[in-house]
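One structure is given here, and the rest of the page talks about it.
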There are 2 protein chains.
Amino acid sequence: MSHADTKTRIMDTATQLFARDGFHLTSLRTLTEQANVNLAAVNYHFGTKEELLQAVISRHLLPLNNIRQQKIEAVLAQAEADNKPPVAKDLLHAFIKPTLDFRNSGPGAKDFIALIGRSLSEPDETVRIYFIQQILPIFKLLFTGLQKALPELPANILMTRLQFTLGTMGHAMSSNLRPDQMVPGLPEMLSADELAKELINFVTSGLEAP
Amino acid sequence: MSHADTKTRIMDTATQLFARDGFHLTSLRTLTEQANVNLAAVNYHFGTKEELLQAVISRHLLPLNNIRQQKIEAVLAQAEADNKPPVAKDLLHAFIKPTLDFRNSGPGAKDFIALIGRSLSEPDETVRIYFIQQILPIFKLLFTGLQKALPELPANILMTRLQFTLGTMGHAMSSNLRPDQMVPGLPEMLSADELAKELINFVTSGLEAP
DNA sequence: GTCTATAGATTGATAGAC
DNA sequence: GTCTATCAATCTATAGAC
């Protein structure tokens with residue numbers, strides 16, 4: 001990581017620290033020190049601290065959302081071709097799985113996904129807004145797709161359950177609650193793949209609840 | 001609220017602002033100004049800002065957790081008396097419903113529950129720890145109860161799903177995502193009671209997923 | 001108990017030399 | 001592009017008068 005150029009080193013370190021400590025608790029001094037760059041480099045390359053955050057979010061979220069959009073549209077197109085309604089679990093899989101796959105693509109990716117997960121519950125609007133803005137089109141696509149999959153479910157109940165789903169995802173991706181700290185003597189934790197499967201199972205069951 | 005004594009006015013305002021803006025983004029100047037007390041009053045009555053947070057959390061969380069514990073133990077005792085395993089949904093109801101009931105007991109209560117919901121995903125340890133500490137005994141009680149209710153579910157999967165449940169609850173209690181902003185043209189939102197029912201349904205279905 | 005005044009530390013941002 | 005030095009604003013916390 002320390003071989004990359006200054007701009008990349010700043011973004012990598014910012015991703016990690018924003019995810020771990022939050023945006024406001026991460027000072028530019030801590031950040032630039034850990035990234036081994038000069039304090040003034042952030043302002044030179046990004047303008048302000050907030051613009052750095054925008055750059056960090058957009059760098060990976062734009063491509064990730066493109067993948068999600070493609071996968072959801074593929075599920076909808078297939079259902080159309082089969083002349084059947086789409087299946088809720090397939091849609092949720094298309095929405096969730098790319099996130100978890102990206103998360104497993106490297107340590108930096110894990111930091112990024114944790115940052116995204118935390119953005120959902122970020123108290124400060126200036127942080128939350130960049131994230132919401134970018135996920136909104138995908139969210140609407142997912143919503144209308146699920147209306148076709150579960151036509152008997154009233155729209156406001158579907159929306160409520162979809163909000164629960166977002167909350168579950170955000171928490172799963174960014175939690176620093178250690179299960180084994182909470183209840184000692186647990187068997188080994190789930191692998192990343194098992195966790196992905198469990199997450200999709202959990203929210204699918206929740207969405208399809210009677 | 002402005003008729004109460006200084007100490008109470010500080011705690012009420014702190015609850016509201018910590019929940020809305022987060023602990024670190026709330027300055028003592030903003031807080032004391034809105035509470036109509038002198039800046040130095042916080043340090044006089046509570047010592048430090050962090051001790052104020054502890055006081056604010058303990059004030060309502062201790063009694064709330066006592067209620068939860070009683071309700072869970074009642075479900076377990078009844079199951080024991082009937083010589084049957086407890087039902088997962090009853091346990092979750094005992095865990096979740098008191099929180100939502102308290103939330104509906106007044107505007108200050110709503111602020112408090114939002115603060116609790118946000119504590120789960122708080123990046124800073126010093127904030128998260130006070131909350132975790134106090135919820136841990138109840139969480140263990142719920143966990144062992146659910147093991148009896150769902151004996152075929154491996155412990156680490158149950159723990160994972162219980163974490164999802166906590167995430168869903170925290171998000172539901174503190175979210176400032178407005179559903180109607182995300183997808184326009186929705187029918188009216190759910191009432192507090194409907195939301196409670198939906199939340200319990202959602203996590204019960206998730207926990208019992210095949 | 002409440003107030004003013006201020007200490008002491010930290011923050012984001014920038015000016016200007018190299 | 002990178003650096004040092006510094007400004008101006010903010011923060012928590014406290015000392016001391018009333």
Side-chain angles (χ1 to χ4, degrees), chain A residues 1-59 115 119 122-130, chain B residues 1-57 59 115 118-119 122-130:
Chain A
M1 192 201 283
S2 48
H3 314 94
D5 66 345
T6 300
K7 207 167 167 177
T8 305
R9 281 214 306 284
I10 292 176
M11 291 181 91
D12 288 342
T13 309
T15 305
Q16 183 189 334
L17 295 183
F18 289 169
R20 196 189 65 189
D21 304 329
F23 176 71
H24 288 96
L25 254 63
T26 302
S27 77
L28 290 180
R29 279 172 180 77
T30 307
L31 200 163
T32 52
E33 207 168 303
Q34 181 168 329
N36 262 313
V37 302
N38 187 270
L39 170 62
V42 168
N43 296 89
Y44 177 79
H45 285 285
F46 298 93
T48 66
K49 189 187 175 187
E50 206 164 297
E51 286 170 301
L52 167 60
L53 174 70
Q54 276 190 273
V56 159
I57 291 184
S58 295
R59 176 171 60 156
L115 173 61
S119 299
E122 170 65 47
D124 183 34
E125 276 200 4
T126 61
V127 178
R128 211 172 50 238
I129 271 175
Y130 299 126
Chain B
M1 192 201 282
S2 49
H3 314 95
D5 66 345
T6 300
K7 207 168 168 176
T8 305
R9 281 212 308 283
I10 292 176
M11 291 181 91
D12 288 343
T13 309
T15 305
Q16 184 190 333
L17 295 184
F18 289 170
R20 196 190 66 190
D21 304 330
F23 176 69
H24 288 96
L25 253 65
T26 303
S27 76
L28 291 180
R29 278 174 181 77
T30 308
L31 201 162
T32 52
E33 207 168 303
Q34 182 168 330
N36 262 312
V37 301
N38 187 271
L39 170 63
V42 168
N43 296 89
Y44 176 80
H45 285 285
F46 298 94
T48 67
K49 188 185 176 187
E50 206 164 298
E51 286 170 301
L52 167 61
L53 174 70
Q54 275 189 272
V56 160
I57 291 184
R59 176 172 61 155
L115 173 61
R118 173 143 298 153
S119 299
E122 170 65 48
D124 183 34
E125 275 200 6
T126 62
V127 178
R128 210 172 51 239
I129 271 176
Y130 299 126

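Chain A is the first sequence line, chain B the second, and so forth, proteins listed ahead of strands; every chain is numbered from 1. Hydrogens, waters and symmetry mates play no part in the numbers below; they use all other heavy atoms, side chains included.
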*For A/D124, check side chain to side chain donor-acceptor pair (under 3.5 Å) against everything at least two apart and list the hits.*
A/H24, A/T126
*Excluding sequence neighbours, so at least two apart, what forms side chain to side chain donor-acceptor pair (under 3.5 Å) with B/Q34?*
none
_Ignoring hydrogens and geometry beyond distance, is a side-chain donor-acceptor pair present between B/D5 and B/T8 at under 3.5 Å?_
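A donor-acceptor contact under 3.5 Å links the two side chains.
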_Distance-only side-chain donor-acceptor flag, A/S119 / A/E122, under 3.5 Å_ = no
*Taking only residues two or more places apart in sequence or in another chain, which ones pass ring pair (Phe, Tyr, Trp, His ring centres under 6.0 Å) with B/F23?*
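Residues passing ring pair (Phe, Tyr, Trp, His ring centres under 6.0 Å) with B/F23: B/F18.
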_According to side chain to side chain contact (heavy atoms under 4.5 Å, CB included), who are the partners of B/A41, at least two apart in sequence or on a separate chain?_
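Here the qualifying residues are B/T6, B/I10, B/V37, B/H45.
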*Heavy atoms under 4.0 Å is the rule here; annotate nucleotides 2-18 of chain C 5' to 3' with B where the base is hit, S where only the sugar-phosphate is, and - elsewhere.*
BBB------BBBB----
*More than 12 heavy atoms from other groups under 6.0 Å of CD on B/E125*: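 12 or below, so no.
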*Starting from the first five and the last five pairs of the helix from C/dG1-D/dC18 to C/dC18-D/dG1, work out the angle between the resulting helix axes, to 10 degrees.*
10°
